[in-house]
> 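Pasting a structure here, questions to come.
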Amino acid sequence: MPDLLANLNPEQLAAVTLPDEPALILAGAGSGKTRVLTTRIAWLIQNGHVSPAGILAVTFTNKAAKEMQARLGAMLPISTRAMWIGTFHGLCNRMLRAHYRDAGLPQSFQILDQADQLSSIKRMMKGLNVDDEKYPPKNLQYFINSAKEQGLRPNEVEANDAFNQKFVELYQAYQDQCQREGVVDFAELLLRCFELLKHNEPLRTHYQARFRHILVDEFQDTNKLQYAWLKMLAGQQSAVFAVGDDDQSIYAFRGANVGNMSDFEREFRVRHLIKLEQNYRSHGNILDAANALIENNARRLGKNLRTDAGQGEPVRVFEAATDLQEASWLVEEIKALIQQGLSRQEIAILYRSNAQSRVMEHALVGAGIPYRVYGGLRFFERQEVKHALAYLRLIENPNDDTAFARVVNFPTRGIGARSLELLADAARLYNCSMYAAVPYMTGKAGSNLGAFVKMIEKMRFETQQLTLPETVSHVIEASGLIAHYQTEKEGQDRIENLQEVVHAATAFVTEEGYGLDAPARLLAPRPAALSAPDATGIPVTDGVVDADVPVEMTPLAGFLSHASLEAGDNQAEAGQDAVQLMTVHAAKGLEFTSVFVTGLEEGLFPHENSALELDGLEEERRLMYVAITRAKERLYLSFTQSRMLHGQTRYNVRSRFFDEIPEELLKFLTPRAQPGARLSGGGGDSAWGRDWFSRPQVAAPRQEAWAATRSDQALAERSRAADTGFKVGQGVFHPKFGEGKITGLEGTGAEARVQVAFGRHGTKWLALAVAKLQAIE
DNA sequence: AGGCTCTGGTTTTTT
DNA sequence: ACCAGAGCCT
């Protein structure tokens, strides 16, 4: 017991040993957040506050969930199996599987990932003959997901014009289609689970009584629905332990609501707010820069990081003439760092947008420096893998039209677009799935489709007794996928990936406790100990007391869930020691000895689009804060006078963020560019040669549009117009979002904002001072 | 059915 | 500049 708490600082210790009450932990970057979370759980169990079965720990990503599980496994002598540790989606899936009837779902319901959802929407729209130019499927997808994240069903969404009315109709049609097919999208997992708990009192009471301690990681990233779900799950006796950092909230654009932190504090009457401000990652200058920068944000809960590590190196700043020069400098500097003994993987290059990586990759290739780019296709998102999964899904649930449409003619079986249209018509006529509509088809189309159905039926029969890996192996053969890719020139990689699915299946049944002998399509018998009535004595429907072990899912269902919910690594092959390239977003939670933050230019970072969003600039600043706090020892910030973007050269001014960091922390490797001054001379403490800038330079015209927008004068002028300009109900035109109608107004002068309902872009709050809105009829 | 050309879009992204 | 998706042609 004392060893559990050893080496915790006073703040951490206080957090870990808090009484069983709601608590909010403000955990700064590098402050040992995960350690506090896991130690808290271990401490609670060790001191008899709660049994493992009373623990619910929610994370945002699978990676975080796994890490927590692993650390706990190392801390506690007992199995972590009885605890519910997972992502919001993973836990909701688990609960829905256990109570599928109460949730109104088929036992074999499938999960649509983002891409599946989009193709489902497209198919639905095609069936209804909806103009996809007027109503872009992507926007409908966004509309549907935001509605669900607000907890709104189609009949609850307010539509203030014909356009939105149509979206609501389509939302309803999509919802009907999903229900008929027995599929749920990501947002649906959460909403369905939320509604299940809300409407089913015995179930709610049961889980509320069970989970005495609910711990939430990255609380600042939760959306409204996730918060509502937590509230629903937390009973009177539950202690919610929320850990987050408002300064690292960088996902507002996808629905994260930092406001959940203050809401939580208020609604749960939090008496214990603890700030973890001791940083164990970065040297002083780096931390000072981060602290100074984030001070410029208005609405903060307030936090200042400190370190014992000493000031360390200054923050180095490099100004380049072009993006190409920036990349060459970067490469030289990296070479020097490696020369000094740093390993490549301790070096990270961060950027605001993915498009920026290319120039730098090119330079790295040229210099022969191995590198790794994060982002891109993940394993379960690969075409061939999704094909294999689609066959498995059809075996499990033939009503899954998304899976059906995906592979009915892959490999090709002479089933063309025309046949599928007819089939879709028949399915609509008989209100059944495409699979079920096949018998109604006649002629050649009918026989080809019939053959496909026979093949699936045969697969289902032949895999009846097989284990999961055997099933996968059988399916990739019997579907003809392997044979198909053998005829393709680039098919070898794809075949390897298909084999890899078999391996993934093996790993899955092993790690999830099904065992290698478990038949893929049979429910494992529930262990006796767990089928006994539970301590609360509360009757639970479905005859399921609790979803403790993965018995509520067959190995196959579990594997398909796993594939949808955990798409696999989103990075290139690991292994080799390589320089790490990624967006700042992707870098959140990581740390590196040396960090280069590149492209620090107005318009790029902060991104120009952020000016259109409410509190957009503050989020950009938090993003910059995240970038800075990734660095342990060395931080480089670079910007260019010009760069190629969308095929055109853009001239940039350096990011305002430089002005928000005290000068004494910065060391300019290039001469300070005074406004209008030309570059000359060399830079001193850089691996880059002294005389780089003695080469002829391109005079950089100062930037126009973006720079002008942000000048105070322009701002003042705009706001004056703003006060007179608009009223609720008025039509407006926005250069990016098109026509919309004002649905709300607030603030005055430079603070004035309007809420505008745009058709396909949804409803947005815009700052009048920055948004270029025009009044229309 | 598969390969070609044209067109449009282009911040960040996990589940 | 570059990629993805749609439409068109063979």
Side-chain angles (χ1 to χ4, degrees), chain A residues 58-65 86-93 111-119 122 132-133 136-138 142 145 148-149 184-191 193 217-218 221-223 225-226 249-256 323 350-359 362 374-378 380-381 409-419 484 487-489 561-570 582-589 599 603-613 616 619-620 622-624 626-627 643-650 736:
Chain A
V58 206
T59 63
F60 217 74
T61 63
N62 291 298
K63 197 175 154 212
T87 63
F88 282 99
H89 295 84
L91 296 173
C92 287
N93 180 44
I111 301 167
L112 301 184
D113 67 16
Q114 202 92 282
D116 294 333
Q117 184 189 33
L118 187 59
S119 60
K122 283 181 179 165
D132 60 0
E133 299 254 301
K138 278 215 171 97
Y142 176 80
N145 290 337
K148 289 187 182 185
E149 279 169 19
V184 297
D185 56 48
F186 286 140
E188 186 72 21
L189 278 175
L190 289 165
L191 184 52
C193 189
D217 191 18
E218 304 278 18
D221 284 339
T222 52
N223 64 33
L225 179 54
Q226 287 159 343
S249 161
I250 56 172
Y251 286 115
F253 72 90
R254 66 173 196 214
D323 46 352
L350 308 185
Y351 36 82
R352 177 65 179 81
S353 63
N354 287 303
Q356 288 165 249
S357 75
R358 189 138 53 108
V359 176
H362 190 80
Y374 282 63
L377 260 202
R378 297 143 93 215
F380 285 115
E381 289 168 357
N409 198 36
F410 194 97
T412 51
R413 305 183 170 93
I415 300 167
R418 184 74 200 121
S419 308
H484 171 84
T487 66
E488 257 194 11
K489 347 187 233 312
S561 289
H562 168 82
S564 299
L565 293 176
E566 190 167 355
D569 271 346
N570 99 13
M582 67 194 83
T583 63
V584 182
H585 282 93
K588 190 169 159 230
L604 197 63
F605 198 179
H607 197 276
E608 53 197 329
N609 291 357
S610 70
L612 303 170
E613 284 146 28
E619 177 141 320
E620 293 291 303
R622 290 192 291 266
L623 195 54
M624 181 65 186
V626 167
R643 85 167 53 237
M644 195 65 121
L645 197 66
H646 309 324
Q648 279 178 327
T649 306
R650 300 214 345 181
K736 179 157 181 195

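All chains are named by letter (A, B, ...) in the order of the sequence lines, taking the proteins before the strands, and each is independently numbered beginning at 1. Just so it is clear, the values below take in all heavy atoms, side chains as well, and ignore hydrogens, waters and symmetry mates.
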> Does A:Lys63 have any side chain to side chain contact (heavy atoms under 4.5 Å, CB included) partners at least two apart in sequence or in another chain, and if so, which?
A:Thr61, A:Leu590

> Can you name the side chain to side chain contact (heavy atoms under 4.5 Å, CB included) partners of A:Thr583, sequence neighbours left out?
A:Tyr351, A:Asn354, A:His585, A:Ala586

> Return the value, rounded to whole Å, for the distance between atom OH of A:Tyr142 and atom P of B:dT13.
16 Å

> Between atom CG in A:Leu604 and atom P in B:dT10, what is the gap in whole Å?
16 Å

> Taking ring-ring contact (aromatic ring centres under 6.0 Å, His included) as the definition, give me every residue that meets it alongside A:Phe380, ordered by chain and number, with sequence neighbours left out.
A:His562

> Which nucleotide sits closest to the side chain of A:Leu565: C:dA1, B:dT12, B:dT15?
B:dT15

> Under 4.0 Å between a side-chain N or O of A:Lys63 and OP1 or OP2 of B:dT15?
no

> Enumerate all atom pairs, one protein N or O and one N or O from nucleotides 1-8 of chain B, separated by less than 3.5 Å.
unit_1: B:dA1; atom_1: OP1; unit_2: A:Asn409; atom_2: ND2; d: 2.9

> Please report the distance separating the P of B:dT13 from the corresponding atom of C:dA4, rounded so that it comes out in whole Å.
16 Å

> Is A:Thr583 near enough to B:dT13 that one of its side-chain N or O atoms lies under 4.0 angstrom from OP1 or OP2?
yes

> Nearest-Å distance, CG (A:Asp132) to C1' (C:dG7)?
13 Å

> How many whole angstroms separate atom CZ of A:Phe605 from atom C1' of B:dT11?
11 Å

> Does the side-chain ring of A:Phe253 lie flat on the base of B:dT12, meaning centres under 5.5 Å and planes less than 30 degrees apart?
yes

> What is the distance, rounded to the nearest whole Å, between atom CG of A:Asp185 and atom C1' of B:dT14?
14 Å

> Please check if the side chain of A:Glu619 supplies one atom and the backbone of A:Gly616 the other of a donor-acceptor pair under 3.5 Å.
no

> With sugar-phosphate meaning primed atoms plus P, OP1 and OP2, does A:Lys122 contact a base, only sugar-phosphate, or nothing at under 4.0 Å between heavy atoms?
sugar-phosphate

> Which pair of heavy atoms, one from A:Ala587 and one from A:Leu350, lies closest together, and at what distance?
CB-CD2, 3.8 Å

> Rounded to whole Å, please give me the gap between CE in A:Met582 and C1' in B:dT13.
15 Å

> So does A:Gln114 reach the base of B:dT15 with its side chain, donor to acceptor, closer than 3.5 Å?
yes

> Classify the side chain of A:Glu566 versus the base of B:dT15 as yes if they form a donor-acceptor pair under 3.5 Å and no if they do not.
no

> Of all residues at least two apart in sequence or in a different chain, which pass the ring-ring contact (aromatic ring centres under 6.0 Å, His included) check with A:Phe605?
A:Phe657

> When you check the phosphate oxygens OP1 and OP2 of B:dT12, does a side-chain N or O of A:Arg254 lie under 4.0 Å from one of them?
no

> Take the protein atom CG of A:Leu377 and the nucleotide atom C1' of B:dT14, then report the distance between them rounded to whole Å.
15 Å

> Not counting sequence neighbours, which residues clear salt bridge (charged side-chain N to carboxylate O under 4.0 Å, His left out) with A:Glu620? List them please.
A:Arg352

> Return whichever of A:His89 or A:His585 has its heavy-atom-nearest nucleotide of DNA chain B closer to the 5' end.
A:His585

> Side chain of A:Arg358: nearest nucleotide among C:dC2, B:dT14, B:dT12?
C:dC2

> Which heavy atom of A:Ile111 sits nearest to which heavy atom of A:Ser561, and what is that distance?
CD1-OG, 3.8 Å

> May I ask you to say what A:Asp113 touches in the nucleic acid, namely base, sugar-phosphate or nothing, with a heavy-atom cut-off under 4.0 Å?
nothing

> Can you check the A:Tyr351 OH to B:dT11 P distance for me, whole Å?
15 Å

> Can you tell me how far P in B:dT12 sits from the matching atom in C:dG5, rounded to whole Å?
16 Å

> Output yes when at least one side-chain N/O atom of A:Asn354 is less than 4.0 Å from OP1 or OP2 of B:dT11, else no.
no

